[in-house]
Amino acid sequence: MIPRDLLMSQAATYAGAPTGSEDDRLQRCVNLLAGRVLHVPGSPHGRVKYPRAPQITNLRAAVARHARRLGPHGSDILFALLTNPTRAYDLVAGTNGMRRIAVMSSIVTDELEAPSILIGTLTVPQHIRTWAAADLDLKVILSTDPDPWTPLEMTAAALDPPQRRYPDPELRRPPRVLWLGGSTDELPQDHRWIDRLEAVAAARGAVVHVLQQPARHYAEVMRQLNSFAGEVVVIWAPFACGKQIVFADAVNGAEVRLIKKPDLSDALDEFREILATEARNADSVAGTERLVVERDLPAAGAVRYYKKHWARRGGGDKMLDWHDCGCDRWTDNTYAPQAHEGIEKLERGSAITKLRKCKACTGGGVWEATF
């Protein structure tokens, strides 16, 4: 994960006039890299060990180029970024056997009024013989940038997926989001849509778990909704096959948010707002909406069907809207006070005159209520 606020809070300060000429400082930086180790927590490839100075000529040129952009302390800043960054993650595999690593830190200098984030892309070879091909690219997110999130999201989207989900050591319990809806088949124009979704969450220190095609995998989705102990459930309505009301009713404790826009970019914009809302602990924010479903109460003589979701010790069983199962094996008027109370609670007190249960349906059973 790449939580922006955490990066900003750990900014290193570089102030005053550095000693020595720029060339001397650059050479000292390169010399000190020799034999140093860059740790990449959670990476299956392990750490990176820098070879002797003559073998990193290309990296030296990249350091010199970027050091000039960072002002008089540029060499010291880059040395710290390459050896002891605030965060380091593997990016998706590079070409020709090269390994790509995202290294991130934040800094404050005499020229900056607030912390700025550095995002470096370090490309290193797998074998020491080819270290001359090593390189460094650098993005600087200034505190005055109008959009500080896009570079972080782009970096997160490029991370190796296990690294994107690697738990941050300083976020013991990051916000968790369950996302319902979408699939590669339904979004053929963007086969990496889940990567983009995870990147939006990762940049804000959150973790998102995606349940694709929820209506197709109904039983598993309902099970996960029942057991989900996170903060937010997002239902992407255009890809929920009209079952958003049932899904929302099955959520136990988490906030439920509905996104109605079918376009992925628009949906991601709303998701960003949802995460911002949760971060501020606000009840609502422009561009998002809390899912509030107004039920039509049953009229006298109406027949409705329900399925038991789970049993409660008090207050009636948790019941869901359902459909006629078609088994035609109904009991007579059944005495089932917990099911009776659960249905009346769902229907806001509407009185039940007859309650029957299907003898064939299992897993909580299907119920027929006449009002």
Side-chain angles (χ1 to χ4, degrees), residues 1-10 12 29-30 32-52 55-56 58-59 62-63 66 77-107 117-139 141 151-176 192 194-210:
M1 295 187 298
I2 310 176
R4 171 185 173 271
D5 294 343
L6 187 59
L7 284 173
M8 297 282 277
S9 69
Q10 299 184 358
C29 170
V30 174
L32 289 174
L33 279 177
R36 295 276 181 156
V37 171
L38 169 65
H39 294 280
V40 186
S43 169
H45 306 294
R47 64 182 188 173
V48 173
K49 185 174 182 180
Y50 295 101
R52 294 178 301 164
Q55 293 176 285
I56 54 175
N58 202 46
L59 184 59
V63 169
H66 296 304
I77 292 170
L78 291 178
F79 175 75
L81 183 67
L82 292 172
T83 58
N84 189 30
T86 304
R87 295 292 181 271
Y89 300 100
D90 274 314
L91 296 166
V92 291
T95 57
N96 301 322
M98 302 293 281
R99 179 183 178 187
R100 299 167 62 241
I101 303 167
V103 287
M104 289 163 282
S105 294
S106 58
I107 61 169
I117 294 176
L118 306 180
I119 304 177
T121 301
L122 176 65
T123 305
V124 298
Q126 299 287 1
H127 303 288
I128 196 170
R129 295 188 302 272
T130 55
W131 254 90
D135 200 3
L136 174 69
D137 194 14
L138 185 71
K139 295 186 183 76
I141 307 177
L152 287 171
E153 290 180 12
M154 291 176 63
T155 301
L159 294 185
D160 201 24
Q163 288 275 278
R164 193 184 307 129
R165 304 183 193 104
Y166 185 76
D168 194 286
E170 297 184 47
L171 293 175
R172 298 300 180 189
R173 191 178 182 278
R176 289 165 294 172
R192 294 195 64 200
I194 293 181
D195 290 335
R196 292 179 62 187
L197 188 63
E198 290 182 348
V200 170
R204 292 155 178 83
V207 176
V208 60
H209 177 60
V210 179

Spacing of Ile141 atom CD1 and Leu152 atom CG [to the nearest 0.5 Å]: 4.0 Å
Leu7 vs Arg87 side-chain heavy atoms within contact, under 4.5 Å: yes
Shortest non-hydrogen contact from Glu153 toward Ala203: CG-CB, 3.9 Å
NE2 on His45 to CZ on Arg100, rounded to 0.5 Å: 12.0 Å
Main-chain N/O of Leu78 paired to His66 side chain as donor or acceptor, under 3.5 Å: no
Considering all heavy atoms, the nearest Leu122-Tyr50 contact: CD2-OH, 3.5 Å
Side-chain heavy-atom pair Val63, Ile56 within 4.5 angstrom cut-off: no
Beyond-backbone contact of Pro85 with Leu38, side-chain heavy atoms, under 4.5 angstrom: yes
Interatomic spacing from CG in Asp135 to CG in Leu59 - rounded to 0.5 Å: 7.5 Å
Derivation of the side chain to side chain contact (heavy atoms under 4.5 Å, CB included) call for Arg164 and Asp195: CA-CA 9 Å; Arg164 193 184 307 129; Asp195 290 335; 3.1 Å; yes
Shortest non-hydrogen separation from Ser105 to Leu81 and the atoms involved: OG-CD1, 3.6 Å
Asn58 to Ala133 - nearest heavy-atom pair and separation: ND2-O, 3.9 Å
OG1-NZ distance between Thr121 and Lys139, expressed to the nearest 0.5 angstrom: 5.0 Å
Expected output: side-chain Gln163 to main-chain Gly42 donor-acceptor under 3.5 Å: yes
Met8 CE to Ile107 CD1 distance, which is reported to the nearest 0.5 Å: 11.0 Å
Heavy-atom closest pair, residues Arg99 and Arg47: NH1-O, 3.6 Å
Inter-residue atom distance Arg196.CZ - Met154.CE, 0.5 Å rounding: 11.0 Å
Min side-chain heavy-atom separation Tyr89-Thr155 under 4.5 Å: no
Distance-minimising heavy-atom pair for Ala202 and Ala156: CB-CB, 4.0 Å
Side-chain donor or acceptor of Arg36 paired with backbone N/O of Phe79 under 3.5 Å: no
